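This one's a predicted model, so the numbers in the text were calculated from it and none came from an experiment. In what follows, residues are counted from 1 in the order of the sequence shown.
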Amino acid sequence: MPTMKRALLVLAVLSLTTLSGCAALQNLLKGAFKKPTLTFKTARLSSASLSDATVDLVYEVNNPNGFGLDLASVDYSFFVEGKQVVAGKPKKGLSLKSNGKSELVFPANVKFADIVPVVETFLNKDRAGYKAEGSVGIKTPIGVLKFPLSKEGTFEVPKIPQVSFQAPRIKGISGTSATVEFPLEIKNRNSFPLPVAGITGALKVAGANVGTLSTGNLGLLDGSGTKQVTLPLTINLLNVASAAMALRSGGNAQVKLDGKLTSDAQSVPLNLSQLVNFVK
């Protein structure tokens, strides 16, 4: 047999053998491979203010195989109150551990001004509805397996902190002026931390304009926590006769604060009116 014919025959035999071996190997892998499962775990707020919130949807991949797998593709959309918002994705190629569970976190940033024309209206809701849809692809020895993502639910809408006056203290008084400390209590009605950039507003005592109160940046309020600040104010008694009477005699007087509370980039009206007891 000529040399060329023999070489071609050997190559043909080797090709058939290789193909047969690959098919056998593939069948072996199919038989040994256990399909992973993808399940929804939880929805949580990872950060929130009165202007926006980041909602994390957490899924769990259970890989029952003795080797790790890689995330191959992600297609994901997130909607709040029927409007699509910016959604993040886990990185492709993310390694999923062997013989165990791995979390896939899908973050979505929800800017409330994009959802409703008046943010205060949205903040008065207890919960907001969301819908997530898409798919993830996981690279396996038998090819890329696609898993659908579909979930509807609700998340807690950030609530405006509760602000109240405590008993003001008269620190000094003369014929023309009085120095008064106004304690404010700010309570976070949310279970999660909330940033408060400040409270400011015009103050009235017994119906008379006495000045402006401003807290400055209050920082982060702990979840369900309370912060107290004391704001001193010097009041010119010559210009506020009704307030002067209340301050000189002590006792009860109506105190009103018309202003705003700011959290992150969002300000909301703050209209506070209380009958308080001035103490010396």
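L257 contributes atom CG, which lies 8.0 Å from atom CD1 of I199 (distance to the nearest 0.5 angstrom). One distance of note links CD of Q254 with CZ of F165; it measures 10.5 Å at 0.5 Å rounding. Atom CG of L149 and atom CZ of F40 lie 10.5 Å apart (nearest 0.5 Å). Here D70 contributes atom CG and K91 contributes atom NZ; the two are 14.5 Å apart, rounded to the nearest 0.5 Å. Note: F155 CZ to L57 CG = 10.5 Å, rounded to the nearest 0.5 Å. If you take CG on L218 and CG on L184, they are separated by 9.0 Å, rounding to the nearest 0.5 Å.
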T39 and Y59: side chain to side chain contact (heavy atoms under 4.5 Å, CB included), yes or no, with the steps?
-> CA-CA 6 Å; T39 55; Y59 283 81; over 6 Å; no
Report the C-alpha separation of L71 and K92 in whole Å, then their side-chain angles, then the decisive distance to 0.1 Å, and conclude whether the side chain to side chain contact (heavy atoms under 4.5 Å, CB included) test is met.
-> CA-CA 5 Å; L71 193 63; K92 294 179 183 178; 5.7 Å; no
Stepwise side chain to side chain contact (heavy atoms under 4.5 Å, CB included) test for E120 and V118 | CA-CA 6 Å; E120 297 96 286; V118 181; 3.8 Å; yes
Trace of the side chain to side chain contact (heavy atoms under 4.5 Å, CB included) decision for K159 with Q162 = CA-CA 9 Å; K159 299 176 184 65; Q162 179 181 322; over 6 Å; no
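Summarising the geometry of K35 relative to L145, their closest heavy-atom pair is CG-CD1, 4.0 Å, with the distance given to 0.1 Å. Listed here is the closest heavy atom pair of G68 and S98: N-CB, 3.8 Å. Of all the heavy atoms in P36 and L69, the pair that sits closest is CG-CD1, 4.0 Å. When all heavy atoms of F112 and S49 are compared, the closest pair comes out as CE1-O, 3.5 Å. L50 and P158 make their closest contact through CD2-CB, 4.3 Å (heavy atoms, listed as atom of the first residue, atom of the second, distance). The shortest non-hydrogen separation linking N63 to L96 is ND2-O, 4.0 Å.
Partners of F192 under the ring-ring contact (aromatic ring centres under 6.0 Å, His included) rule, at least two apart in sequence or in another chain, do not exist in this structure. Taking the ring-ring contact (aromatic ring centres under 6.0 Å, His included) definition, one finds that F278 meets it with nothing, sequence neighbours left out.
The side-chain heavy atoms of K125 and V116, taken from C-beta on, include no pair separated by under 4.5 Å. Contact annotation: the side chain of N190 never approaches that of L221 to less than 4.5 Å [non-hydrogen atoms, C-beta and beyond]. Side-chain contact check for V119 versus T121: every heavy-atom pair is 4.5 Å or farther apart. For the pair T54 and D56, the minimum side-chain heavy-atom distance is below 4.5 Å. The side-chain heavy atoms of D114 and V85, taken from C-beta on, include no pair separated by under 4.5 Å. A heavy-atom distance below 4.5 Å is found between the side chains of P161 and L194. A 4.5 Å side-chain heavy-atom check between L272 and Q274 finds at least one atom pair inside the cut-off. V61 is listed as a side-chain neighbour of L104, based on a closest heavy-atom distance under 4.5 Å.
One N or O on the side chain of S263 and one on the backbone of P195 form a donor-acceptor pair closer than 3.5 Å. Side chain of S242 to main chain of A206: a donor-acceptor pair is present (N/O by atom type, distance under 3.5 Å, no hydrogens or angles). At distances below 3.5 Å, not a single donor-acceptor pair connects side-chain atoms of T200 with backbone N or O atoms of S214. The backbone N or O of L238 sits less than 3.5 Å from a side-chain atom of N236, completing a donor-acceptor pair.
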Exercise answer: donor-acceptor pairs, residues 128-144 side-chain atoms, under 3.5 Å, sequence neighbours excluded:
unit_1	atom_1	unit_2	atom_2	d
T140	OG1	I142	N	3.2
T140	OG1	G143	N	3.4
T140	OG1	G143	O	2.5

Can you give the donor-acceptor pairs under 3.5 Å from side chains of residues 168-179 to other protein atoms, not counting sequence neighbours?
unit_1	atom_1	unit_2	atom_2	d
R169	NH1	K280	O	3.4
S174	OG	T176	N	3.4
S174	OG	S177	N	3.2
S174	OG	S177	O	3.3
S174	OG	S177	OG	3.4

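Taken together through direct or relayed side-chain contacts under 4.5 Å among Ile, Leu, Val, Met, Phe, Trp and Tyr, V229 and F182 form part of one hydrophobic cluster. Note: the hydrophobic cluster containing V110 does not contain V58 (ILVMFWY, side chain heavy atoms under 4.5 Å, direct or indirect links). Both I186 and L270 belong to a common hydrophobic cluster when Ile, Leu, Val, Met, Phe, Trp and Tyr are linked at side-chain heavy-atom distances under 4.5 angstrom. Under the 4.5 Å side-chain heavy-atom criterion for Ile, Leu, Val, Met, Phe, Trp and Tyr, L220 and V268 are members of distinct hydrophobic clusters.
Side chains of N99 and N65: a donor-acceptor N/O pair is absent below 3.5 angstrom, by distance only. When only modelled atom types and interatomic distance are considered, E156 and S191 share a side-chain donor-acceptor pair under 3.5 Å.
Counting only residues at least two apart or on different chains, the side-chain hydrogen bond (donor to acceptor under 3.5 Å, both in side chains) pairs with a member in residues 215-228 are E185-Q228. Here salt bridge (Lys or Arg N to Asp or Glu O under 4.0 Å) pairs that include residues 186-213, with residues two or more places apart or in two chains, number zero.
More than 12 heavy-atom neighbours from other residues, nucleotides or ligands sit within 6.0 angstrom of NZ on K89.
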